[in-house]
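Worth knowing before you read on, the calculation uses all heavy atoms, side chains too, and leaves out hydrogens, waters and symmetry mates.
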Amino acid sequence: FYNENLELYASHGAVVVFPFIKNPEGDKKPFTLNTDGRYLVKAINYALNMTKNGSSAFFNRIDSQNIVIAGHSMGATCSIEASKTLLEEKAIKLTVAQHPGVCGP
C-alpha cells in the first residue's frame with residue numbers, strides 16, 4: 001500500500017526506512033498495533049548505525065544531520081511519538097503526521 005510513496009521519496013535521494021512491528025506478513029493482520037513510536041526510533045537508529053559500518057550499503061550515504069520522520073494513520077501517531085522521544089536530537093528537521101490515529105491495517 002505504501003510502496004509507491006516510499007519509492008517516490010527514495011527516487012529523490014532520500015533514504016527511506018519502513019519499520020515493521022512483527023514482520024511484513026504479520027503486520028497485515030488486524031490489531032497489529034504500536035503507537036509509541038519505538039519501532040520508528042529503532043529504524044532510525046539502525047540506519048544511523050549502518051552509515052558508520054564500512055560493510056553496509058548505507059555506509060557514508062545518510063545525512064545524519066537532516067532527518068524527517070513521517071507517517072500516516074498509526075504511523076502518524078508513531079511519528080509524533082518518535083519525534084518526542086528524539087527531541088534532543090538536533091538532526092530531526094521535520095515531522096509529518098498525516099491523519100494521526102489508529103485506523104487499522
Side chain to side chain contact (heavy atoms under 4.5 Å, CB included) with [X]: which residues, sequence neighbours excluded?
X: Leu6; result: Tyr2, Asn3, Val16, Phe18
X: Thr85; result: Val41
X: Ala43; result: Val17, Pro19

Q. What is the minimum heavy-atom distance between Asp27 and Lys22, and which atoms define it?
A.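 That closest heavy-atom pairing would be OD1-N, 2.8 Å.
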Q) Taking all non-hydrogen atoms of both residues, which atom of Ser79 and which atom of Ala70 are closest, and how far apart? A) CB-C, 3.9 Å
**Q.** Sub-4.5 Å side-chain heavy-atom contact between Arg61 and Val15
**A.**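 No - every pair of side-chain heavy atoms lies 4.5 Å or more apart.
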(Q) Are Ile67 and Ile44 packed together at the side-chain level, in the sense that at least one heavy-atom pair is separated by less than 4.5 angstrom? (A) yes
Q) Taking the side chain from Ser83 and the backbone from Ile92, do they hold a donor-acceptor pair closer than 3.5 Å? A) no
Q) Any sub-3.5 Å donor-acceptor pair from Thr77's side-chain atoms to Gly101's backbone N or O? A)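 Yes; judged by distance alone, with no hydrogens or angles, the pair exists.
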Q.
Taking side-chain hydrogen bond (donor to acceptor under 3.5 Å, both in side chains) as the cut-off, I'd like each qualifying pair that reaches into residues 44-53, sequence neighbours left out, listed once.
A. Asn53-Ser55
Q) Which residues satisfy the salt bridge (Lys or Arg N to Asp or Glu O under 4.0 Å) test with Arg38, sequence neighbours excluded? A) Asp36
Q.
Please list all pairs meeting salt bridge (charged side-chain N to carboxylate O under 4.0 Å, His left out) that have one or both residues in residues 69-88, counting only residues at least two apart or in different chains.
A.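 Those involving residues 69-88 are Glu81-Lys84.
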